[in-house]
Amino acid sequence: MCYGLPITSIDIPGSVNSIGVSAFRECEDLTSVTIPNNLTSVKIGNRVTSIGDYAFSGCSGLPFVTIPNRVTDIGIGAFYGCTGMSALTIGNSVQTIWNGAFYGCSNLKSVTIPGRVNDIGPWAFSNCASLSSLTIGNSVQTIWNGAFYGCSNLKSIVIPNSVTSIEESAFEGCTELAEITLGSGLQTMKDSVFKDCKRIMDIKVYSERLIDITESSFYNIGNKKYVYVYVPDGCLRNYQRDPYWNEFDLRVMGATEVTNADESIVVIPADNSADIIWPQVTNANSYELVIRDANNNVICILTFNAQGYLSSIAFAAPSRNNGEQEEEETVAGFNFTITSLNSGSTYAYVMTAKDNKDAVIDTKSGTFKTTGNDPMGIDEISTDKMRKCENAKIMRDGVLYIERDGEIYNTQGARVK
């Protein structure tokens, strides 16, 4: 402790391997501290509110770090090159993680960005090659350039709804990244955000408005036609019109092919949605799925083509991939996710298969109840925001209608005033 002594700088010798609590307390004139690389233990006092620039840079012997709750800022390069760090706890009061704060912490395996952080600075966790678990708090608004560059062990990421922009090269070189979830608030992804992420297979898009990407946002990820991009119901056409998003295999959220060995309908309910799985019916030219609530009110009428692709929602809509499958391809069953249901509610379904003359050849029916727990943690699409898509669902006096191009339709497709 300095106790008011006019000490302006301290050079800690290499023999020191631990710095205790309040070691520099009341060192009011202290402006420079040189810390040896062999430091193995640091205790940050509960009264510390900021960790300065390059404070522990190059301390390769530090195995773990706990940043207490009073700290609001982690400075530029604060833990730069701490290659021995394998565990990190960031206090809930941290609001800003500055440039390169944890750059090159190559042994760091798990990071949770707490809920009060607004910005993840440029190159903040760049080249953390062992990082396999990443949780981003729901207050982050911008993920800056190179923030997770070279985190080559990341396999999946969830961008929370609060994020509006992902800057250049934020996840470039995350070579094991396979699954991406983009939250509802995302508006912009800059150049090379996912450059060289060649294992990407699935991208789930929860943004109701078209996310602005560039020609190089997904540069060098391989053949994009083998990457599934699932978008909200009613927004498909907007994404198909975009020259960069249209390079992917675009699908309505939740629509997939499945194996269904028996002749039953399988329903897998979630909080505000349910997966409906049904078998392929021989000679079926189309399938019609009607969902009703407990009061027998029609919630939706969906029509699928012979390949199980969504073809209409009460009126004509584009197929989910805007194309036909090859004639020799056969599928055992199909799957579609019904969204915008009420939590903990009971619904009835009727699935009808029709031939090419519109004659009914098979009918299956049953009931299911939604759970009340959203397993994805991503907010459901709001009715107001759905207006930014092609088809908006609206309620009037408890009755569901669909707005399209300024006109209002009921669920049977008839225009109403």
Side-chain angles (χ1 to χ4, degrees), residues 63-64 79-90 97 100-113 117 120-137 140 142-160 163 165-183 186 189-207 211 213-231 244-245 247-251 256 375-378:
F64 59 88
F79 296 92
Y80 182 104
C82 292
T83 55
M85 185 193 300
S86 60
L88 170 66
T89 301
I90 302 176
I97 300 174
F102 298 92
Y103 184 106
C105 294
S106 55
N107 200 38
L108 186 61
K109 296 176 176 60
S110 177
V111 169
T112 297
I113 309 295
V117 173
I120 302 175
W123 315 101
F125 293 91
S126 177
N127 290 319
C128 293
S130 298
L131 187 64
S132 60
S133 175
L134 172 63
T135 302
I136 301 175
V140 174
T142 303
I143 301 176
W144 287 99
N145 49 295
F148 297 95
Y149 177 100
C151 293
S152 54
N153 206 34
L154 271 180
K155 295 177 175 59
S156 66
I157 57 169
V158 175
I159 305 300
V163 173
S165 176
I166 305 177
E167 300 298 306
E168 291 88 348
S169 302
F171 294 93
E172 179 179 341
C174 294
T175 52
E176 292 296 314
L177 191 59
E179 298 180 357
I180 302 169
T181 299
L182 304 177
L186 187 61
M189 291 199 303
K190 299 294 183 62
D191 292 340
S192 303
V193 168
F194 293 104
K195 180 182 177 182
D196 296 330
C197 299
K198 295 184 178 181
R199 291 186 178 270
I200 294 177
M201 299 175 62
D202 295 284
I203 303 174
K204 293 181 180 179
V205 178
Y206 284 83
S207 179
I211 298 174
I213 65 174
T214 74
E215 185 177 9
S216 68
S217 294
F218 291 92
Y219 181 76
N220 196 31
I221 70 167
N223 191 335
K224 295 174 185 174
K225 282 300 179 185
Y226 293 106
V227 178
Y228 296 158
V229 175
Y230 298 98
V231 301
Y244 305 133
W245 281 113
E247 294 179 351
F248 294 91
D249 185 348
L250 295 168
R251 303 183 173 207
T256 55
M376 285 298 298
I378 295 291

Say whether, by atom type as modelled, one donor and one acceptor occur between the side chain of S217 and the main chain of K190 under 3.5 angstrom.
yes
Does the plane of the ring in W245 sit parallel, tilted or perpendicular to the ring in F248? Use 30° and 60° as the thresholds.
tilted
Distance col, row E176:CD vs L131:CG, nearest 0.5 angstrom, shows 13.0 Å
Atom pair NZ (K155) and CD (E179), whose distance is rounded to the nearest 0.5 Å
11.5 Å
In this structure, CG of D191 is separated from CD1 of I213 (nearest 0.5 Å) by 11.0 Å
W144 side chain to A124 main-chain N or O, any donor-acceptor pair under 3.5 Å?
no
Taking atom OG1 of T175 and atom CZ of R199, what is their separation to the nearest 0.5 Å?
7.5 Å
How long is the straight-line distance from CD1 of I166 back to CD1 of I120, given to the nearest 0.5 Å?
9.5 Å
Looking at residues at least two apart in the chain, or sitting in another chain, which of them share a side chain to side chain contact (heavy atoms under 4.5 Å, CB included) with S192?
S169, E172, K195, S216
For S106, is there any backbone N or O sitting under 3.5 Å from a side-chain donor or acceptor partner on S130?
yes
Can you see which heavy atom on F64 is nearest to which on M85, and at what distance?
CA-CG, 4.5 Å
Atom pair CZ/CG of F125 and L154 - distance to nearest 0.5 Å
11.0 Å
Report yes if the side chains of V229 and L250 come closer than 4.5 Å at any heavy-atom pair, otherwise no.
yes
Report yes if some heavy atom in the side chain of I180 is under 4.5 Å from a heavy atom in the side chain of I157; otherwise report no.
yes
Kindly determine whether I90 and V117 satisfy side chain to side chain contact (heavy atoms under 4.5 Å, CB included), including the steps that lead there.
CA-CA 10 Å; I90 302 176; V117 173; 5.6 Å; no
Closest approach of I136 and P160, non-hydrogen atoms and distance?
O-CG, 3.7 Å
Are any of the side-chain nitrogens in D202 or K204 under 4.0 Å away from the carboxylate oxygens of its partner?
no
Between D196 and N220, which heavy-atom pair has the shortest distance, and what is it?
OD1-ND2, 2.6 Å
Within a radius of less than 6.0 Å around OH of Y149, do more than 12 heavy atoms belonging to other residues, nucleotides or ligands occur?
no
Distance-only donor-acceptor check, side chains E167 and S165, under 3.5 Å
yes
Of all heavy-atom pairs between I211 and L186, which one has the smallest distance, and what is that distance?
CG1-O, 3.6 Å
Taking side chain as C-beta onward, heavy atoms only, is Y228 less than 4.5 Å from I203?
no
Identify the two heavy atoms, one from D249 and one from K225, that lie closest to each other, and give their separation to 0.1 Å.
CB-O, 3.5 Å
Please tell me if the side chains of I159 and F171 come closer than 4.5 Å, counting only heavy atoms from C-beta onward.
yes
Just checking K109: does its NZ atom have more than 12 heavy atoms from other residues, nucleotides or ligands closer to it than 6.0 angstrom?
yes
Between K224 and E247, the two heavy atoms sitting closest are NZ-OE1, 2.8 Å
